[in-house]
A.B. asks: 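Okay, here's the structure, questions in a sec.
Nothing here was measured: the structure is a model prediction, and the numbers come from that model. When reading the values below, keep in mind they use all heavy atoms of this one structure, side chains included, and skip hydrogens, waters and symmetry mates.
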Protein chains: 2
Amino acid sequence: MNQKMSNIANELTKNNIKPSIHRMRILEYLMDKRDHPTVDEIYINLKKECPTLSKATVYNAVSLFVNVGLVKALTIEGTEVRYDYTKNNHGHFKGEQCGFICDFDININQMNFDGLDHCEILSKDVNFKGICSECLLNNKR
Amino acid sequence: MNQKMSNIANELTKNNIKPSIHRMRILEYLMDKRDHPTVDEIYINLKKECPTLSKATVYNAVSLFVNVGLVKALTIEGTEVRYDYTKNNHGHFKGEQCGFICDFDININQMNFDGLDHCEILSKDVNFKGICSECLLNNKR
DNA sequence: ATATAATATTGTAACGAATACAATTGATAG
DNA sequence: CTATCAATTGTATTCGTTACAATATTATAT
Ligand SMILES: [Mn+2]
Ligand SMILES: [Mn+2]
Ligand SMILES: [Zn+2]
Ligand SMILES: [Zn+2]
């Protein structure tokens, strides 16, 4: 097992998740491809290398990862759930024409708000929607 | 038709939606009950007064409302879509224990961010999650 | 007012993401 | 090797949503 994989194994063990082959592959995928994939996208792409992979295993794995806080489940629009391996807090922009989702920098904790006294806030999400630069160019032509 | 209902009819006509009885009732519901209901909640509650109402009509109506910008579709968590009749921009807090969703004041346009040059931003959503004050009290006991 | 056309509503079928679960496979320890 | 436990698989089921054809309602023309 190479260095990368043993790091991934460590990451899982630290969170009390046994590092099985499939779990490691799924976490590796999320670490490498930061394009906020759906379960289906993870499944289809990993299936090429692991033909025996089942979609249920992908659901199981990402649920485990979300529960321990290793990855975040994003619900930016509609009924589509996407997964994000990330340490630093950031905002998400979704281009509504092409569906592309990108990160952007925003200091979510600098924002001041009012009306949530006596609530315990555990997570803060900022989602923007609109038309991405690429689509804007295409639309002009 | 009373004053309230003719206002609702106006609101719809202004947006090129013909003010049918059901559409008016559904918009009225969203205006009165600002607790961000799901399609199912709208359907179940209105069904009491309009026994012939179909869930397809609720889906049709809220889709029309969302398309013209009369109401907003909220996707705060998971695959659950909720609807919000609102003019002023605000944030949403979801209590994860009880599922309760409330508004809070935040000046979304004051936030400064970076990395979305040349994108056209059409909407900005801020969603917080955590434990609501009521649940916090219950948990202590 | 009646016939005609257009639109809204309904009920149901189809779809797809997510979950549940029993059966199988794989790993671990004695 | 065998027994035990956990992970994975495949499938069935659930549930929210969409699609669509049939019906009811409303608007328009004669
Ligand atoms: Mn991200
Ligand atoms: Mn609201
Ligand atoms: Zn785009
Ligand atoms: Zn609560």
A.B. asks: For A:Y43 and D:dT8, what is the distance between atoms OH and P respectively, to the nearest whole Å?
C.D. replies: 14 Å

A.B. asks: Could you state the CD1-P distance from A:I42 to C:dA17, rounded to the nearest angstrom?
C.D. replies: 14 Å

A.B. asks: Going by the rule side chain to side chain contact (heavy atoms under 4.5 Å, CB included), which residues pair with B:S54 if we only count those two or more places apart in sequence or in a different chain?
C.D. replies: B:A56, B:T57

A.B. asks: Taking DNA chain C as the partner, which of residues 65-86 of chain B come within under 4.0 angstrom of it by heavy atom?
C.D. replies: B:T79

A.B. asks: Please enumerate all residues that pass side-chain hydrogen bond (donor to acceptor under 3.5 Å, both in side chains) together with B:K87, with sequence neighbours excluded.
C.D. replies: none

A.B. asks: Apart from B:L136 itself, what residues make up its hydrophobic cluster, given side-chain heavy atom links below 4.5 Å?
C.D. replies: A:L122, B:I131

A.B. asks: Cluster partners of A:I121, using ILVMFWY side-chain heavy atoms under 4.5 angstrom, listed by chain and number?
C.D. replies: A:F93, A:F104, A:I106, A:I108, A:M111, A:F113, A:L116, A:V126, A:F128, B:F93, B:F104, B:I106, B:I108, B:M111, B:F113, B:L116, B:I121, B:V126, B:F128

A.B. asks: Strictly below 4.0 Å, N to O, side chains only: are A:E80 and A:R82 in salt-bridge contact?
C.D. replies: yes

A.B. asks: Given atom CE of A:M24 and atom P of C:dG26, what is their separation to the nearest angstrom?
C.D. replies: 18 Å

A.B. asks: Test of understanding: with side-chain hydrogen bond (donor to acceptor under 3.5 Å, both in side chains), list the residues that count as partners of A:H92, not counting sequence neighbours.
C.D. replies: A:H36, A:D84, A:H90, A:D103

A.B. asks: Which residue pairs pass the side-chain hydrogen bond (donor to acceptor under 3.5 Å, both in side chains) test when at least one of the two sits in residues 108-123 of chain A, sequence neighbours left out?
C.D. replies: A:N109-A:K124, A:Q110-B:N112, A:N112-B:Q110

A.B. asks: Of all residues at least two apart in sequence or in a different chain, which pass the side-chain hydrogen bond (donor to acceptor under 3.5 Å, both in side chains) check with B:K18?
C.D. replies: none

A.B. asks: In whole angstroms, how far is the P atom of D:dA7 from the CG atom of A:L12?
C.D. replies: 11 Å

A.B. asks: Summarise how protein sits on nucleotides 8-14 of chain C as a single string, 5' to 3': B when a protein heavy atom is under 4.0 Å from the base, S for sugar-phosphate-only contact, - for no contact.
C.D. replies: SSBB---

A.B. asks: Going by atom type alone, with no hydrogens or angles, which donor-acceptor pairs under 3.5 Å involve a side-chain atom of residues 65-72 of chain A and a protein atom two or more places apart or on another chain?
C.D. replies:
unit_1, atom_1, unit_2, atom_2, d
A:N67, ND2, A:S63, O, 3.3
A:K72, NZ, A:D125, OD1, 2.5

A.B. asks: How does the hydrophobic cluster around B:I76 look, that is, which other residues are in it when side-chain heavy atoms under 4.5 Å mark a link?
C.D. replies: B:L74, B:I101

A.B. asks: Quick one: bend of the helix from C:dA1-D:dT30 to C:dG30-D:dC1 from 5 pairs per end, to 10°?
C.D. replies: 10°

